[in-house]
Structures are given as structure tokens and as C-alpha cells.
Number of protein chains: 2
Amino acid sequence: MITKQITKINWYENAEKIFIATDCIIFGFDEGILKLLVFERLVNPLKGELSLIGSFVKPNETAPQAAHRVLKEITGLDNIFMEELKTYTEVDRDSGARCISIGQYALIRIDEYDKELVKKHGALWYEVDKLPKLVLDHNKMVEDALNRLRRKSKFYPIGIELLPKNFTIPQLQNLYEVIHQKKLDSRNFRKKLLSLKLLIPLNKKDMSGSKKGAFLYKFDYKKYKKLEENGFNFSLFK
Amino acid sequence: MITKQITKINWYENAEKIFIATDCIIFGFDEGILKLLVFERLVNPLKGELSLIGSFVKPNETAPQAAHRVLKEITGLDNIFMEELKTYTEVDRDSGARCISIGQYALIRIDEYDKELVKKHGALWYEVDKLPKLVLDHNKMVEDALNRLRRKSKFYPIGIELLPKNFTIPQLQNLYEVIHQKKLDSRNFRKKLLSLKLLIPLNKKDMSGSKKGAFLYKFDYKKYKKLEENGFNFSLFK
DNA sequence: CCAAAAGTGTTCGTCGTACACCCATGA
DNA sequence: TCATGGGTGTACGACGAACACTTTTGG
């Protein structure tokens, strides 16, 4: 027993600990434009430079917990859609110290977040295709997250997370067109979408987008979940 | 400048370093069975128990480098297909110390690895559906990796990495049937596969699987790469 | 000669795609 | 009344799915 304990101590003593951070790639969809929430650093190091919102992972929390903690702090939102992207482990990615980062991308509903809080923390929305230089490897993280968003939204209804809970079909089409940088035929889009029977009609119109107004729907998450378990693919175009 | 330096030091001093490991979920395909390479621990801690093959990430290497290092050590192989799966960051996942792990799954060609080396390191192949209890959260890692393999192999030709470089169409079909736990129609499978024009015929037969023998092919990686850049999906069934 | 796996074509239905007009409304 | 975006139907082609028999050869 004593031997085992000693060996165990040696086992860990042979290794070196490393700083571990998590960075959030936060997307929002505002007036037909895909945007990213970045952060003007209020403190050193790198004060004044732009970066993703991140944090060290603390000894008593998991990486997702750390990410949700900072997201809550800055947007006021719980229950944000967030998913691990990948780790960034280059030896010299952070000149200050050896530090690996777990990239996590988040999709937030632009009508829900706390605008005061965001402003207070020096966070700003940038259009994804007009991004400034960010610190360290953060631009690469954004690029990776965009690719993931594009690929994943082809087969999973994660785009819905970027729209208000009640949304119209033209809004969703517009979102898909922006994400995939491609015009879609509205008749085919609508037909395919409705054939999935995953939208619950609210029989109310949203009048903000046009004079005629467009019917509002909400997504049937429960039904989708059941379908997904049987290998169903949510795909709206090829 | 001095101020900045001091602030910077404080920035990192507020954080705590953590042990960081990487674990490899190594799949192989042998005689129609999907297998996993596990490791009987030769040293403490947990001597004698079964685990995935892993290592701490050293101060001077990235996580993929660490994974390739241990894979080379144990199988003798370079250039193994390997991809990050996800991180495992539960606070108490390792009772010995706070330690997060980056799971990476690997696909190896069962005809290529160094059997002597593997034996020497106490590594053993287990059928994936007859897995024993592994240490820590390693069974969860395997489950996650299997799900990834199933999903990803539907749209990307990663299954090829599990077959010898020269393989037959029935071999590939068999692999797909095993991965996706589903019988496929050989006529439709063959037709679809050949229509992609991604197999280079070798005009040689493999006689090991039947009396008649089956023609050998190799995969046209170059051609696939070009197609993939244009959004092409390698998919052999629904 | 026979068992066992490899290889080959056709039919049918579904789904993706292309395409043009009317509707409702606020200004 | 007109400009703007919302909503609807049809025809065609491609592709996935179902399905049965012949070929080869080692034993």
C-alpha cells in the first residue's frame, strides 16, 4: 500500500501541470447578418486588444462550467447553446505561459441577451466577415467555429438557436442563406421545411419584416429529439 | 512596461495549473470484427487494470504530438489517422489529481502494426462490444468515439483507414455493416460505391475471402480531396 | 459437383430542383 | 396604386431501394 502510494506520487511528479483556459466563440444573428461577440480587454495583459471571451478553468469546475460562467457574466444568459469545438495546444500559442485552451462555440438569440451587461464588459458585436485581428490564435478559433457551424447546421437544427424562439420561415431561410453563403429557392425551402412537420404554427404574424407580415412558428424540440434518436437528419438543402 | 509585466504575472498567478493528459481510443478491424486496443497497466498507479493508451502532455509538445508519440511507441506506426474527439474535464474524474484529458480516436490498419511491440507493452485487442471495465472514464470515451466513428463514417471515407491499403469491395461493405450494425444490399452498395469513381482498380484478386476471389482496389485520396473541397459528401447509404 | 462468396441490371417510387404567379398590406 | 416581401403548385430528372440469378473455384 505504501509502495503504491509512493509510485503514484512519482507518477504525477514526472508530469508538469499546464494552464488551461476556455475561449468562447459566440455567434449572433442580427438583421440578416451573422455576428461575433468579441471583447476589448479591460485589463492587462494585452489591455485594449480584442479577444474572444474566455477564462481559466478553475480547480473546482469543468470546462463547460467555466464557459457558462463567463457567458452568464457577460450576457446575463443561462441555457445558451454551447458545444466544444476543439482544443488549442500549440506550445507557444500564448507567449505569457504554456497554456492550452478549449474552444467552445455558442449560439445566442440576439433578442435575449442583456445589452447593458455586454456594454459594461466592453464586449462588441462584429460582423463575422469583417473581423479585426484578435489576440493569440483567436482568429483561427473563429474560422474553425464557422466551419463547424456551416457543416453542423446542414444536418442538425442548430441554426434555430440563433433565431428568436418564435420565428418566421423567411427569417430561417435568410439565416441559412447567410450561414451557407448561397441563395435558396423559397418555394423549395418552405416545402421541405414544412414536410418535416417540426414547426408548430402560432397563427400570429410578425409584421417587422414586411407589410404583409409572415406567420410565426416555434420549433418542436420534443418531436425532433425523438426523431433524432432514430437517426433522422434535419437537412434543408443539399 | 514594468507595470505591464507585473500585471501579467498576477494574471497567471490568479489561475491554477492542471495536469493534462491525452488518451487514445484506437480502433482496428480484424476478420470482420471491430476491435479496440487497450492496455494492461504495467506500472502503478492502477497496476494490472485496463485502460486506454495515454500520456501526460509534456511542456514541449502539443496534444496531437503526445498522442502520436505514444502510438508510435506502442504500435510502431507513424502517420496514423487520428482526430480529436473531445475533452474530459470532470473535476473528480481522476481520483489521484485534478487532471483533464483530451480524447483522441485513431484508426489503424490491422495488417500494419508491429505485433511484437504491442505485446511487449501489454496491449491487447478487445472486440468493441465485449469491452471490459476500463479505468476512470475510459469506457465513456470509447462510447463517444464509437458514436463519432458511426456518424462521421456516414459522410467521410474514414472507414478506409481501417482496411489494408489494397482492399476489396466486399471487405469495405463488411466494414460498413459492422460499424453501422446493419445489413446492406451488395448490389446497391457496389453500384453506389463505383459510381463515385474513387476506387482505383488494381486488376489483382484477393483470394483469402473466397474461392472465387475478389478484385482489389485502392482509394483515390487525391481525387477525393479535390471533391471534398467542393462540398462533396462521401456517403454510401442513407 | 457442390458450397460459398463475387459479381451483374432493371423497375419503381421518392425526393430534389427548376420555375412563375397571386396575395396582402403600408406607404 | 404600387412597391415589397409572403405564400402557393407542377413537371421533370436523378437517385435510392427492392429484388434474383449467374459465375468462379477450392474442396
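Below, all heavy atoms of this structure are taken into account, side chains as well, without hydrogens, waters or symmetry copies. Everything numeric in this text was worked out from a predicted model, so none of it was measured.
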With sequence neighbours left out, write down each residue that passes ring-ring contact (aromatic ring centres under 6.0 Å, His included) with B/Tyr224, or none if nothing qualifies.
B/Phe219
Checking B/Phe215 now: which residues fulfil ring-ring contact (aromatic ring centres under 6.0 Å, His included) with it, not counting sequence neighbours?
none
Does anything in residues 223-238 of chain A come within less than 4.0 Å of DNA chain D? Heavy atoms only, and list the residues if so.
none
Going by number, which of residues 158-177 of chain A have a non-hydrogen atom under 4.0 Å from DNA chain C?
none
Report, one pair per line, the protein and nucleotides 1-4 of chain C atoms (nitrogen or oxygen only) whose separation is under 3.5 Å.
none

Who passes side chain to side chain contact (heavy atoms under 4.5 Å, CB included) against [X], sequence neighbours left out?
| X | value |
| --- | --- |
| B/Ala106 | B/Ile26, B/Leu71, B/Ile80, B/Met82 |
| A/Arg187 | A/Asp185 |
| A/Ile169 | A/Phe189, A/Arg190, A/Leu193, A/Leu194, A/Leu199, A/Tyr217 |
| B/Ile200 | B/Lys218, B/Asp220 |

Residues at least two apart in sequence or cross-chain that pass side chain to side chain donor-acceptor pair (under 3.5 Å) with A/Ser208, listed by chain then number, are A/Asp206
Return the polar atom pairs (N/O with N/O) between nucleotides 8-11 of chain D and the protein under 3.5 Å, or none.
{"unit_1": "D/dT10", "atom_1": "O4", "unit_2": "A/Lys191", "atom_2": "NZ", "d": "3.1"}

Rounding to the nearest 10°, end axes of the helix from C/dC1-D/dG27 to C/dA27-D/dT1 built from five pairs each make an angle of 0°
